[in-house]
Amino acid sequence: LKVREDENNPFYLRSSNSFQTLFENQNGRIRLLQRFNKRSPQLENLRDYRIVQFQSKPNTILLPHHADADFLLFVLSGRAILTLVNNDDRDSYNLHPGDAQRIPAGTTYYLVNPHDHQNLKIIKLAIPVNKPGRYDDFFLSSTQAQQSYLQGFSHNILETSFHSEFEEINRVLLGEEEEQRQQEGVIVELSKEQIRQLSRRAKSSSRKTISSEDEPFNLRSRNPIYSNNFGKFFEITPEKNPQLRDLDIFLSSVDINEGALLLPHFNSKAIVILVINEGDANIELVGIKEQQQKQKQEEEPLEVQRYRAELSEDDVFVIPAAYPFVVNATSNLNFLAFGINAENNQRNFLAGEKDNVVRQIERQVQELAFPGSAQDVERLLKKQRESYFVDAQPQQKEEGSKGRKGPFPSILGALY
Amino acid sequence: VEKEECEEGEIPRPRPRPQHPEREPQQPGEKEEDEDEQPRPIPFPRPQPRQEEEHEQREEQEWPRKEEKRGEKGSEEEDEDEDEEQDERQFPFPRPPHQKEERKQEEDEDEEQQRESEESEDSELRRHKNKNPFLFGSNRFETLFKNQYGRIRVLQRFNQRSPQLQNLRDYRILEFNSKPNTLLLPNHADADYLIVILNGTAILSLVNNDDRDSYRLQSGDALRVPSGTTYYVVNPDNNENLRLITLAIPVNKPGRFESFFLSSTEAQQSYLQGFSRNILEASYDTKFEEINKVLFSREEGQQQGEQRLQESVIVEISKEQIRALSKRAKSSSRKTISSEDKPFNLRSRDPIYSNKLGKFFEITPEKNPQLRDLDIFLSIVDMNEGALLLPHFNSKAIVILVINEGDANIELVGLKEQQQEQQQEEQPLEVRKYRAELSEQDIFVIPAGYPVVVNATSNLNFFAIGINAENNQRNFLAGSQDNVISQIPSQVQELAFPGSAQAVEKLLKNQRESYFVDAQPKKKEEGNKGRKGPLSSILRAFY
């Protein structure tokens, strides 16, 4: 079995070298993940999607701008006041961790971190409108780091449009050649007084309903779809929320305790982009090895391929549809997942008591599919009584606590 | 910024150009600067991104090798290789600036064409068959699995065969054959499948995380198997082989997909073996040795001696086992074809065209939700020996035709591609005929809008998959019904054709049948009425 790890793993986008910093100063930064289809032709069908990471310090604001992309914004940690501005209205929302909100393409928005101590961390899925996988941010402000898009218009157009002398427009809006009057970058400090005023108008995400057309919704407002002592799996599917339905995306937030395993399973049709929020994990993904043409002889058996990665905070991993995978939390873990092509997706588990696809296979077929008898297979599958999340080292524990080390496995061996 | 006409690059971008970490070897062309070098004047339809192009070309290079291996006759091999080269050269579309070498090839080909035009009609036909980018003979399949119980083959990617088939690049054709009393072991794929039974009987079982459905399928039954659904197929018949054809629409990568088998056989590994031992042990709460013995039984199992390992993914199944599996299988409901997820039969409705010479059955996306989701129509056509399916074109569907039984001649009309240099007013635009002699298992692609005619040279049954099917219309060019030329007002006919409107009308009315006609009516008439000369010359002028 060939194992592809880290550098050769086309599905692993490591935080340290896969992001491009679009903007950074002492108040925060914006980073854009490398294009998926540039990473590997295996990710070709993700070429219309980008991942953006935003972090800002307490008491800061990301200046107003819009982009030629639809965004699905998710708050990983900290608090935010998100304000969306259109030609005829404005909405401000108080956001907390687990809140998600779609920002339609072309919506001017700004983002305040109103907290006094905590950093704000946000992840966005971007779906560009004009070009596959590429978009731009259009800022209204001129700062030392970038120009206002208004400066793209010629003087006489601006003079006519604003019915003012250019010098006046420049003085008020642009501040060309007066760098001291411009902000240093697009993330700037905000006074507490200003924050207080902005907070006043902000609504909170409605925690009761997740089906709102345009208000933020919280991933953890519903019961987890899978839950036990080892982990919790929260998910909102397109069927449950109109914003996600439009984008054909599901969102999951998963907690796994240290040492626990999310059992092997595959998504029937969704391609999943997994973003580690906190903690560390080992992931194993199984694909089919691509055959060399020369080897394509009858003798050579078709081999499977394991893609393994050790993931830590901010790392991104792509799980193709139908590829079996398993996540092992090596510390307390929280990750976020975007499921692309999500409608009617099903998770087929390969072990555990519930939702186990292997157990649905008729015994006559099990007999032929596996070397063991149908009884053997059934017994094996029933051994695991938990579902979804399990302890990654059950055998060792049994051995230690009950001292059943020697005899138990050997009895089992003798039985067959 | 003062100039309105300034280029994209001249307006400083709203974000600073970051200093990017040095490029990794496995991240070719990562930064956006690369893309900016490629101007994209028209965003939609978009030109092929470079990455993709490289990728495609790499794959194209792989194919000729395969062809060499499969090629049976030496002369054909040569032609095919040439064919592949031509494909590569024409890709992407529109053409890239010519390289010297390519230019040479082109000239060679022109010469060749001249040579060939002097050769006999017969060899020209053969050449058409090899050169015809729409024809996929049996040698265009790649065998994925094969043993004494059956085989699975996948058709070459359409867009590798020819850039003319670029829009079929997200579709693949799979063929499955199995002997009586056999089972295709449980597996799933990262592709949506549309399965059609051509011959024989199948028990198809679909398994999900929490349920299972088994269906008894007969010839003409069709069923969608959604991506990621574990399924297995039994041929329960004692005598008849099972043959089914599958349209695969991959989910992860355009035009490429994998089959994931649960079982380990001598031909392949179980995908469960991709997980490491400690993961499997924790997942099944069982020692690896035990898991291995029950589920995989490779090397380790051999020591125990008794464990079976199947030879390949198609295996024999006992009658007793078949009986048990049959019990739970439902039949395709022949009453309704509109079920969300049950099989439907293509012959369950009245044929849309029917007469003594042929029958045309079709189920469109409007009639069936499974087909609506995929935007595909399915047809089955029976034609008697010597019959003609009259010239027509599909308004928007690209049709993949699969010959099930019998032989046919097909003629497809396209326009000759102009050489860039010749693209002057003087050169009249010429039509090009693509002709092929089709026999069992051949596949032929009919592009949307391209006129086509099928002539059954023996009793014929073919099956057709229409891609981009919603609201597709068949426009016939001859025959009394659905004839698009008859719909043109006489004033326009006068201008469009050399004959008068009356002459055109009279001509069109000569054919009283519709859809299916006798391919040699004149011979008969010659015998009876001796109307040989005049009619055929008018016809020639018309076509």
Side-chain angles (χ1 to χ4, degrees), chain A residues 17 20-23 34 37-38 41-42 44-45 130-131 137-139 145-147 151-152 154 261 263-264 268-269 271 284 286 288 293 301-304 306 320-322 324 326 346 348-349 351 355 357 360-361 364-365 368-372 376-377 380 383-384 390 392 394-395 409 412 416, chain B residues 1-2 4 11-12 14-16 18 20-21 24 27 29-30 43 51 55 62 65-66 183 185-186 188 190 207-210 212 227-228 230 232 251-254 258 262-263 267-269 271 273-275 279 281-287 290 293-295 297 301 307-309 315 321 324-325:
Chain A
N17 60 15
Q20 175 187 359
T21 302
L22 298 182
F23 175 77
Q34 158 185 32
N37 56 325
K38 294 271 153 129
Q42 304 237 47
E44 178 64 30
N45 283 6
N130 290 315
K131 296 163 278 186
D137 289 315
F138 293 84
F139 280 90
Q146 42 71 252
Q147 284 185 304
Q151 285 175 277
S154 48
L261 205 66
L263 284 171
S268 65
K269 59 176 292 240
I271 305 176
E284 289 187 6
V286 180
I288 307 292
Q293 287 315 315
L302 213 59
E303 276 182 40
V304 295
R306 178 189 311 152
V326 64
Q346 290 200 330
N348 289 283
F349 281 86
D355 290 350
V357 66
Q360 297 294 335
I361 294 174
Q364 292 83 5
V365 176
L368 295 164
F370 302 113
D376 292 343
V377 173
L380 177 73
K383 192 81 197 304
Q384 180 56 268
V390 305
Q395 298 275 332
L412 266 176
Y416 306 105
Chain B
V1 181
E2 311 252 5
E4 295 94 321
I11 299 182
R15 55 182 192 236
H20 196 65
E24 278 87 35
Q27 299 172 1
E30 173 193 350
Q51 170 83 14
H55 177 208
E62 284 170 19
R65 253 185 278 145
K66 246 179 259 169
L183 165 73
L185 293 172
H188 74 269
D190 56 338
V207 184
N208 268 325
N209 50 18
D210 61 351
R212 179 183 65 223
S227 164
T230 300
Y232 42 93
V251 172
N252 290 313
K253 295 164 277 186
E258 315 282 358
L262 270 166
S263 317
Q268 44 70 247
Q269 283 184 302
Y271 62 79
Q273 286 179 283
F275 293 113
I279 293 288
E281 290 191 335
S283 299
Y284 292 105
D285 197 13
T286 305
K287 284 278 168 200
E290 180 64 15
K293 198 161 64 164
V294 176
L295 299 183
S297 195
Q307 304 294 348
R308 304 157 294 156
L309 196 57
V315 303
Q321 287 168 319
L325 294 175

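Side-chain atoms are counted along with the backbone in the values below, which use heavy atoms only and exclude waters and symmetry mates.
For the options N208(B), L325(B), V251(B), heavy-atom pairs under 4.5 Å to chain A are most numerous at N208(B). By number of non-hydrogen pairs under 4.5 angstrom with chain A, the leading residue of D190(B), N252(B), L262(B) is N252(B). Contacts with chain B were tallied for V377(A), L261(A), V357(A), L263(A); V357(A) has the most, counting heavy-atom pairs under 4.5 Å. Between chain A and the residues I279(B), L185(B), V315(B), T230(B), the largest count of heavy-atom pairs under 4.5 Å involves I279(B).
Remark: Q360(A) CD to D355(A) CG distance equals 9.0 Å, nearest 0.5 Å. With rounding to the nearest 0.5 Å, the separation of CD in E303(A) from CD in Q268(B) is 11.0 Å.
With hydrogens and angles disregarded, no donor-acceptor distance shorter than 3.5 Å links the side chain of E284(A) to the backbone of V326(A).
The two atoms that bring A369(A) and P186(B) nearest to each other are CB-CD, 3.9 Å, heavy atoms only. Shortest non-hydrogen contact noted between K253(B) and Q42(A) is NZ-OE1, 3.1 Å. In plain terms, the two heavy atoms of K293(B) and P371(A) that are nearest each other are O-CG, 3.6 Å.
Heavy atoms of V390(A) lying under 4.5 Å from chain B belong exclusively to its side chain. Both the backbone and the side chain of I288(A) come within contact range of chain B, each with at least one heavy atom under 4.5 Å from a heavy atom of that chain. Both the backbone and the side chain of Y284(B) come within less than 4.5 Å of a heavy atom in chain A. Of the two parts of L295(B), the backbone and the side chain both hold a non-hydrogen atom closer than 4.5 Å to a non-hydrogen atom of chain A.
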